[in-house]
Amino acid sequence: MVRSVGRSTLSFVQALGDFTLFTGHAFGSALGSRKLGRRVLRAMFEQGVRCLPVILIVGIFTGLVLGLQGYYVLNRFGSESLLGTLVSLSIIRELGPVLAALMLVGQAGSALAAELGIQRNSEQIAALETMGISSHAYLIAPRLIAALFVYPMQTALFCTIGLWGGSISGSMLLGLEPGVYWSAVERAVESRDVSECLLKAVTFGLLTVGLCAYHGFNAHRSKSGTGARAVSASTTRAVVQSSIIVLAADYIITSFLI
Amino acid sequence: MTDSDEKVLLQAKGLHKRFGANVVLSGADLTVPRGSLVAVLGRSGSGKSVLLKCLADVVQPDAGVITFDGKELRRDAAAARADFRRRCSFLFQSNALFDSLTALENVALPLEQTTDLKTKEITERSLEALRQLELEGHSESYPSQLSGGMQKRLALARAIVTRPELVLFDEPTAGLDPLRRNAVFTMIAKYQRQFGFTALIVTHDVPEALLASDRVALLSDGRMGFEGTPEEFAASQDPVVTSFRDSEASLTSQLQSIRRGETFQSEDS
């Protein structure tokens, strides 16, 4: 029992160190990498444009549901006018960054882990090394840099759409004055709420893209076997661990900033 | 550096490599003279690809010395290894082409990422490499849109576009039918002479290798059982060589019998 716990702890610490070195190496290798801007733009397209529909859909429904639930709860106390406050603070402080990150993990993160796993399997990563091209600089760094921009942008979009969703529920469907809703939003949201939201988005972006890249890149080291099974296992691991780390990091950041 | 050193481009001495309990290389030596085409033969699973990957600096040997152009490729010799990578290309068994890049982008990749050439010059050199490999009409095709032989030529175009001094080929004819096998060996021999690079091929296609190469090495039980010219290999009475040659002949004979049987059955039906 003790031996098993010790072994798991050592293995966790080793993986943590390995992951830190992996991301550090990726950022370090980006310095002096040729045509990096073009690859960053491509990664931004993959993470941003391709994930746009899912962000918009989940954002609007989150706002709609919050508006609906919030209205009936506040109605019991005669405080419907605070619906804007409830929706905006819930979305901007918590739901926006967390749900946007989870959607990005599901769409872009899983694709990234699978793509890198297949590239590892088909020796494309080894081919880069034999050509004297740093695989970290060519494959990983652009994705990490793109995440620094895409996650905040997608989160901001998610929050905006979510606020509109709350407005549709409260004003158009349940009869609350739009002016009451939006003035409550304006009064409630402070600049530090927006900063907290963006800080979370950047942190989640770095952690999740880093984790997905790490698992895909090291698919050949998977204990689950080789080939397609290793790619599948590493992709699953990447998505599960990224989802957990989003929630854990959210709690830690919130507890420091609240 | 002596005259004989100058004639040798790549040399391995006493290479050892094991994966867990599986000993793959146990003291393999190999000498690749400058400008030659050397074929490393061996049965499947004899460690040929591992040897090549050790030589290509993709896999680290557990022990042994590899020298390229007189300089030892030690783990800590970053400059020597970078120089080696600049002057050497590797053609993977699977071709290792980037499926998200077009043929032109695949060929241009090493020039884009490792040289300071202008975009126009990179495009010109890449198109020239595609033209030399008779792929000029497929520059905008993706690897998945090309046939197996064309993919092999595309991989070779990417390997030679940097004008390397040494090209390492890992089982270039694996999975190909006899006609295509012949065509690939012809292609390698032709371009090796045309571009003047030194070639090291790992293969188990004995007849083609003997015809195309200048020197032959036989890997057996993790070490070199033979090194010499194709003529010496064909005439050798060394038990390791004769055992390998006999097993090849026996397999060919068995396959011919099976194929004769299949032909008879299909004609009968």
Side-chain angles (χ1 to χ4, degrees), chain A residues 25-26 28-47 50 108 111-143 146 216-217 219-221 223 225-228 230-231, chain B residues 19 49-50 52-60 78-101 105-119 122 143-144 151 154-155 158-162 164 166-171 174:
Chain A
H25 186 188
S29 64
L31 301 169
S33 172
R34 293 176 170 93
K35 305 253 165 81
L36 181 66
R38 205 173 64 180
R39 295 200 307 284
V40 170
L41 283 178
R42 195 172 181 155
M44 285 177 79
F45 175 78
E46 284 165 7
Q47 291 173 15
R50 286 191 184 160
L112 170 61
E115 185 182 343
L116 288 172
I118 290 167
Q119 288 185 323
R120 172 65 74 187
N121 257 352
S122 59
E123 297 184 308
Q124 290 174 35
I125 293 177
L128 282 176
E129 298 293 341
T130 61
M131 286 188 265
I133 302 169
S134 160
S135 50
H136 284 79
Y138 187 77
L139 296 171
I140 314 300
R143 264 75 175 239
F217 193 83
H220 62 306
R221 285 157 59 182
K223 286 175 187 163
T226 54
V231 175
Chain B
F19 296 99
S49 290
V50 173
L52 201 68
K53 283 176 181 167
C54 286
L55 295 173
D57 201 19
V58 175
V59 170
Q60 286 301 316
R81 289 170 68 171
D83 178 57
F84 169 73
R85 289 196 164 166
R86 253 195 316 276
R87 294 163 64 188
C88 170
S89 283
F90 191 100
L91 204 101
F92 285 82
Q93 187 174 341
S94 60
N95 298 324
L97 294 165
F98 281 83
D99 38 22
S100 57
L101 302 180
E105 289 168 338
N106 262 291
V107 176
L109 182 65
L111 292 178
E112 255 179 22
Q113 294 297 316
T114 61
T115 69
D116 292 322
L117 294 173
K118 297 259 185 328
T119 307
I122 289 174
S144 59
Q151 287 183 18
L154 178 58
R158 187 176 70 181
I160 61 165
V161 76
T162 51
L166 172 69
V167 183
L168 308 174
F169 296 86
D170 185 11
E171 306 259 14

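Residue numbering restarts at 1 for every chain, and letters A, B, ... go by the order of the sequence lines.
- Donor-acceptor pairing under 3.5 Å is recorded for the side chains of Gln119(A) and Gln124(A).
- Taking the ring centre of Phe217(A) as origin, the terminal cationic atom of Arg120(A) falls inside the region bounded by 6.0 Å and 45° from the ring axis.
- Residue contact with chain A, scored on non-hydrogen atoms closer than 4.5 Å, is absent for Thr162(B).
- Salt-bridge formation is detected for the pair Glu115(A)/Arg143(A): a Lys NZ or Arg NE/NH1/NH2 atom is positioned less than 4.0 Å from an Asp or Glu carboxylate oxygen.
- Using a 3.5 Å distance cut-off with no hydrogens or angles, the side chains of Arg34(A) and Thr114(B) do not pair a donor with an acceptor.
- Screening Val107(B), Ile122(B), Leu117(B), Thr119(B) against Glu112(B) for a side chain to side chain contact (heavy atoms under 4.5 Å, CB included) leaves a single residue, Ile122(B).
- With a 4.5 Å cut-off on non-hydrogen atoms, Arg158(B) touches chain A through its side chain but not through its backbone.
- In this structure, the portion of Leu97(B) lying under 4.5 Å from any heavy atom of chain A is its backbone and not its side chain.
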Which is it for Arg39(A) and Ser33(A) under the side-chain hydrogen bond (donor to acceptor under 3.5 Å, both in side chains) test, yes or no, and what are the steps along the way? CA-CA 10 Å; Arg39(A) 295 200 307 284; Ser33(A) 172; 2.8 Å; yes

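- Of the listed residues (Leu91(B), Asp116(B), Leu168(B)), the one with the most heavy-atom contacts under 4.5 Å to chain A is Asp116(B).
- Heavy-atom distances place the side chain of Leu101(B), and not its backbone, under 4.5 Å from chain A.
- Contact annotation for Thr130(A): both backbone and side-chain heavy atoms come within less than 4.5 Å of a heavy atom of chain B.
- Taking Val58(B), Asp57(B), Asp99(B) one by one and counting their heavy-atom pairs under 4.5 Å with chain A, the maximum is reached by Asp99(B).
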